Amino acid sequence: MSARMTAVRDWLDARLRVSTLADAASHKTVPVHRYSVFYYLGGMTLFFFLVQVATGILLMLYYRPSADGAFESVEFLMTTVPFGWLLRSIHSWSANLMIYFAWVHLASVYFLKAYRPPRELTWVTGCILLFLAMGFGFSGYLLPWNQLAFFATRVGTDIAGVVPGVGEWVLRFLRGGDRVTGGTLSRFFGWHVAILPAIATLLLGVHLLLVQILGMSVPPKVESSAAPKRAMKFFPHFALRDLFGWIVALGVLAALAALIPWELGEKADPFAPAPAGIRPEWYFMFMFQTLKLVPGGKTLGLENEVYPILLFGVAALVLVLVPFLDRGVARIGRSPLFTAAGVVGLVYVVGMTAWGYGSLVPVYVVAGTAALVYLLALVTGPRRAEGRP
Ligand code: HEM
């Protein structure tokens with residue numbers, strides 16, 4: 001390094017203390033065991049989040065949030081702006097991949113019991129991030145103001161309105177009135193590009209800070225095994241592997257976006273009859289399908305639909321509180337009941353999604369993900385000769 005460069009580095013270091021950060025990074029390590037592959041899943045979710053921020057900002061340069069301008073502005077982007085179609089396609093595919101990886105990341109930290117003390121708050125912030133990600137999806141779906149999105153939003157917000165007591169208020173709060181109108185679109189735009197990103201960025205900062213402070217957890221089975229504990233340096237070894245994963249993800253994302261471009265459909269017509277096949281995004285399908293199975297009528301003075309809606313609310317709360325409810329894992333490092341509950345929950349969500357679509361594709365996707373993660377665990381884990389824990 002030249003004397004001038006050294007002088008610039010020293011000048012910056014005296015003011016920004018970069019060397020303290022570099023020093024901390026050089027000491028950070030990541031445990032190496034047969035489940036280490038799970039440590040890449042949060043980073044993968046983060047990658048798609050960053051893609052969303054970058055492409056979302058570019059989309060905003062063209063998008064107009066009004067009932068008579070939204071569809072046309074997206075159409076202009078897709079037909080006239082160079083690579084505009086690709087930009088929108090990347091944003092839409094990456095949104096779905098981000099939510100999918102957030103679910104996979106949740107499942108991995110759940111089954112490896114990474115939420116046990118002292119990582120309860122990492123779990124809680126993660127859960128809220130997942131709910132926010134679904135909120136991003138729900139609010140973003142309406143923005144192109146096309147037929148399918150318009151009616152799906154009407155159905156989705158109608159469901160919120162069923163809840164006794166607060167339902168009517170929630171419905172009006174979401175729609176900005178009694179009906180889905182241009183006002184709803186402006187409101188969803190506000191949530192999508194300002195409120196949700198602000199909360200998500202803050203929470204993500206806390207989530208990542210907690211991961212830095214607490215370090216990576218080691219699964220109870222590995223912790224209690226007699227095999228010697230191994231670790232690799234975060235920088236550069238783990239960071240480079242993470243980067244490799246991000247490059248592969250970018251390739252897959254670009255291929256999906258280019259080969260299966262996101263469609264726009266027809267402009268929303270609030271006075272047209274609801275088109276056939278109205279359905280929500282895949283991550284809401286298990287709830288939608290459950291509601292479809294409920295027979296009409298009332299029980300104990302309440303619409304039958306209210307019961308599953310309330311149950312989903314309770315299930316979300318229980319999910320957030322898992323680290324505080326699972327006392328066994330904190331005491332004896334085992335909690336088979338929670339593992340079994342996780343399996344039942346997973347089978348329910350995947351089964352209902354498959355039923356909703358009338359297709360086995362959701363089952364194949366989940367089975368394929370599990371097989372891929374298993375394969376990667378074999379490739380990236382310690383060699384047998386080095387002693388698997
Ligand atoms: C939606 C955006 C999310 C992002 C960007 C994100 C990001 C990350 C990253 C980068 C890590 C460190 C690497 C790793 O362990 O994978 C991590 C760890 C962790 N995350 Fe997330 N996460 C998200 C959602 C979630 C969700 C939904 C949960 C579960 C409810 C969760 C719970 C955790 C826990 C408990 C850890 C610590 C894992 C350990 O120490 O072994 N996160 N997250």
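Here the structure is a predicted model, which is why all the values come from computation and not from measurement.
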Q: Could you label the plane-to-plane angle of the W246 and F47 rings as parallel, tilted or perpendicular, counting under 30° as parallel and over 60° as perpendicular?
A: tilted
Q: Could you check if a side-chain atom of F111 sits within less than 4.5 angstrom of a side-chain atom of P219, using non-hydrogen atoms only?
A: no
**Q.** Over all atoms of both residues, closest heavy-atom pair of L293 and M352
**A.** CD1-CE, 3.6 Å
Q: Verify the distance criterion only: is there a donor paired with an acceptor across the side chains of R175 and T157 at less than 3.5 Å?
A: yes
Q.
Do M232 and T29 make a side-chain contact, defined as non-hydrogen atoms from C-beta onward lying under 4.5 Å apart?
A. no
Q: Determine the minimum heavy-atom distance between Q147 and A268, stating which atoms define it.
A: OE1-CA, 3.1 Å
**Q.** Note: E223-K229 ion pair, threshold 4.0 Å (strictly below)
**A.** no
Q.
Assess, by modelled atom type and distance only, whether the side chains of Y100 and T369 contain a donor and an acceptor separated by less than 3.5 Å.
A. yes
Q. Pick from L321, I128, V109: which one makes a side-chain contact (heavy atoms from CB on, under 4.5 Å) with W123?
A. V109
Q. Out of W145, F188, F271, which residue meets the ring pair (Phe, Tyr, Trp, His ring centres under 6.0 Å) rule with F150?
A. W145
Q. Does a side chain donor of either Y115 or D326 reach within less than 3.5 Å of an acceptor in the other side chain?
A. yes
Q: State yes or no: are the ring centers of F101 and F48 separated by less than 6.0 Å?
A: yes
